[in-house]
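The structure appears right after this line, and notes come after that.
Here is how names work: the chains are called A, B, and so on, in the same order as the sequence lines, proteins then strands, and each is numbered from 1.
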Protein chains: 2
Amino acid sequence: MATIGDVAKVAGVSRSTASYALSGKRAISHDVRRRVEDAVRQLGYTPNAGARALATSQTRVIGLLAQFFDDEFAPAMMQYIRGVTDTARELGYDTLLVSEADGPNALRRITDSRMVDGVVLLNVAEQDDRLPVLRTAGAPGALVGLPRDTTGVDVFDLDFEEAGRAMVDHLAALGHRELLLVSQPDHVVERGGAYVWRLRDAAVAQAALRGVRLHTASAAAHQPQVGSDLRTLLEQHPDVTGLLLNNEAAAAALPSVLQTRGLSVPADLSVVGRFSDEFARNFSLPYSSVESAPDRLGSMAVRQLVRRIEGGGEVTEPHVVRYITPEIVDRGSTDRPRV
Amino acid sequence: MATIGDVAKVAGVSRSTASYALSGKRAISHDVRRRVEDAVRQLGYTPNAGARALATSQTRVIGLLAQFFDDEFAPAMMQYIRGVTDTARELGYDTLLVSEADGPNALRRITDSRMVDGVVLLNVAEQDDRLPVLRTAGAPGALVGLPRDTTGVDVFDLDFEEAGRAMVDHLAALGHRELLLVSQPDHVVERGGAYVWRLRDAAVAQAALRGVRLHTASAAAHQPQVGSDLRTLLEQHPDVTGLLLNNEAAAAALPSVLQTRGLSVPADLSVVGRFSDEFARNFSLPYSSVESAPDRLGSMAVRQLVRRIEGGGEVTEPHVVRYITPEIVDRGSTDRPRV
DNA sequence: CTGAAAGCGCTTACAG
DNA sequence: CTGAAAGCGCTTACAG
């Protein structure tokens with residue numbers, strides 16, 4: 001592999017001049033610049049990333065901390081990841097993907113060893129073990145998901161409260177008076193999945209305000225359990241005319257459950273979910289939904305992270321907590337309740 | 001951040017001794033080793049990855065080249081990625097995930113700049129643009145997917161020929177005499193997705209051998225087109241009693257299609273797919289299938305890659321082309337044909 | 001068993 | 001506008 005020394009030799013200049021000619025960090029005569037560029041082309045020179053990182057203390061790599069829980073729905077993760085990698089590349093960064101079970105340890109490893117300039121944390125819990133590590137790491141961090149303590153980090157998340165209200169309002173406006181909200185399994189909440197109760201509590205309050213009954217329940221995150229949970233819930237609540245789903249696995253399982261019960265949407269039951277449009281297309285889900293916008297959230301997190309990285313790390317702008325406003329994508333699964 | 005110099009100072013030894021004490025590459029007195037280890041703990045020392053890479057020419061990072069095509073089904077990708085990252089970590093490597101559209105360029109960038117010790121290529125096409133780049137890159141590479149020319153790389157793939165035969169045999173043994181195979185869209189083939197015709201041609205040959213009629217067709221990879229494709233195909237082939245699916249989107253869309261046509265499985269139609277068990281669970285797919293084992297393929301590719309990386313790069317073992325034997329997972333979606 | 005020194009390939013003050 | 005030199009933080013022959 002050619003080094004900058006080889007480039008300098010071929011161009012007939014010093015190594016520093018070759019370096020400056022390529023970085024543009026000081027004035028270079030037109031002639032020298034040309035000779036250096038020709039040499040680069042001729043030798044197929046690419047700077048050694050490790051050497052550059054050592055000299056500049058910048059890796060141009062961001063760390064992406066994903067995590068996979070047994071009780072959460074894996075396919076949705078891919079879209080967050082693409083939002084991050086695509087935007088990172090657009091801004092000139094590569095992405096180190098870390099998905100090991102011990103998140104805090106992984107985070108410490110990649111920051112302490114200076115493999116990355118900053119990190120994006122996915123799937124952040126209310127009390128996330130990774131946050132204490134991140135705060136002492138020195139590297140800037142952007143989160144997708146809202147922790148209780150947001151000091152020192154930039155946070156991006158769907159406005160789940162508003163999502164809950166929007167779902168209730170949508171069905172209430174159509175005349176529904178008895179609704180059922182199916183959430184993630186309880187252990188997701190126990191583990192700190194705040195979005196579950198953020199959506200639920202707001203939905204409950206809004207239902208009270210609108211004078212509609214809202215039952216709340218949870219269902220598993222996997223087949224076959226989620227299917228039988230749904231069947232049981234529908235049996236327990238025969239008077240419900242509108243179903244709210246804050247559980248992607250339940251949304252994926254619902255079509256076959258309704259089929260076996262001979263229920264059709266929206267004639268017998270109105271349904272609104274909370275998932276992404278891509279998810280809906282992949283799984284052929286014919287349900288209107290609050291768009292969860294995973295790619296946008298991943299992208300926003302990276303943009304902010306890169307601003308911080310390139311802002312110098314010193315006293316810069318205050319940290320942000322930014323919510324995406326939920327929008328309902330209409331797929332024709334809601335109508336007035338049957339009488 | 002503490003450096004090895006700080007560690008040496010605190011331990012009262014030279015930097016080289018500190019380094020050797022940590023690497024274990026030469027004999028160290030018990031006393032010195034203890035002092036060095038204490039100093040490491042006290043300072044929270046972690047080696048700087050860039051400096052180490054520069055000194056050793058080893059990054060302990062592997063590059064993972066994923067690609068997302070509009071006409072392929074994204075959710076399946078996640079499992080390959082997890083197979084790679086989990087196994088890499090197990091072997092002491094981190095993973096640089098690259099998913100930009102221009103694969104050859106991305107590959108050149110991360111290998112020329114020495115960001116990675118080797119690469120795993122996902123979704124390899126018959127004539128893959130990334131392979132010429134890989135062959136000149138000097139870094140070892142392991143592929144998931146079978147290209148026409150396998151020189152210089154290690155290759156892992158499902159045995160799609162055997163998968164096609166197994167699907168036909170399974171239904172033929174139950175007495176089916178008229179089958180329909182639904183494959184990926186034609187542009188997947190045109191782009192070099194050899195697995196489409198590898199499975200199809202083997203299925204056709206096996207059907208001839210067994211004396212059963214096998215119709216072949218393709219369907220889109222996305223909703224809503226794939227749904228209407230399936231409806232059209234079922235109308236065109238009313239006498240078909242067994243359906244083979246080499247198209248994950250079609251498998252995901254099939255339940256609602258059958259529902260609207262009032263067909264039940266396996267009473268009216270036997271169905272066998274080709275997808276992973278995790279995929280089946282996530283999408284609630286009640287169809288028997290040839291297991292595509294993405295996590296195992298990703299894992300095998302990484303293991304072989306790491307052997308090459310650590311084997312020294314010189315004349316070592318010959319390259320391998322290894323196929324996973326397809327196994328049918330029974331989900332009760334096949335039975336004798338109705339008469 | 002340990003240390004002083006060179007070198008990996010860059011960048012960037014310092015000097016002219 | 002250009003060059004010689006120092007330094008980033010490691011590892012590893014070389015010497016004792």
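Of the two residues near DNA chain D, A27(A) and S57(A), the one whose nearest nucleotide lies more 5' is A27(A).
With D154(B) contributing its side chain and V320(B) its backbone, the two residues share a donor-acceptor pair below 3.5 Å. Distance alone, capped at 3.5 Å, is enough to place a donor-acceptor pair between the S292(B) side chain and the S276(B) backbone.
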In B/S/- notation (B base, S sugar-phosphate only, - none; protein heavy atoms under 4.0 Å), nucleotides 11-16 of chain D written 5' to 3' is BBBB--
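No option in D295(B), V120(B), V144(B), L305(B) other than V120(B) meets the side-chain contact (heavy atoms from CB on, under 4.5 Å) test with V84(B).
Between M1(A) atom CE and dG7(C) atom C1' there is a gap of 19 Å when expressed in whole angstrom units. The interatomic distance linking N48(B) (CG) with dG9(C) (P) rounds to 17 Å, in whole Å. What separates CG of L54(A) from P of dG9(C) is a distance of 12 Å, to the nearest Å. One can place NZ of K9(A) at 12 Å from P of dG9(C), the figure rounded to the nearest angstrom. The distance from atom CD1 of I28(A) to atom C1' of dG3(D) is 11 Å, rounded to the nearest whole Å.
Scored by the side-chain contact (heavy atoms from CB on, under 4.5 Å) test, D86(A) finds R82(A), S99(B) as partners (sequence neighbours excluded). Listed by chain and residue number, T111(A) satisfy the side-chain contact (heavy atoms from CB on, under 4.5 Å) test with A139(A) (two or more places apart in sequence, or in another chain). S14(A) meets the side-chain hydrogen bond (donor to acceptor under 3.5 Å, both in side chains) test with S16(A), T17(A); sequence neighbours excluded.
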field: Test log, rule side chain to side chain donor-acceptor pair (under 3.5 Å), inputs D31(B) and S29(B)
entry: CA-CA 5 Å; D31(B) 178 48; S29(B) 74; 5.3 Å; no
Dot-bracket assigned to DNA chain C with the 3.5 Å Watson-Crick/G-U criterion, [ ] for crossing and | for other-strand pairs, is |||.||||||||.|||
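Residue S14(B) places at least one side-chain N or O closer than 4.0 Å to OP1 or OP2 of dG3(C).
Under a 4.0 Å N-O distance rule, the pair D149(B)/R135(B) qualifies as a salt bridge. Here E317(B) does not pair with R308(B) in a salt bridge; the nearest charged N to carboxylate O distance is not below 4.0 Å.
R322(A) forms no cation-pi arrangement with F156(A), by the criterion of a distance under 6.0 Å to the ring centre and an angle within 45° of the ring axis.
Contacts between residues 107-119 of chain B and DNA chain C, defined by a heavy-atom separation below 4.0 Å, involve no residue at all.
Counting heavy atoms of neighbouring residues, nucleotides and ligands inside a 6.0 Å radius, atom CZ of R191(A) exceeds 12 of them.
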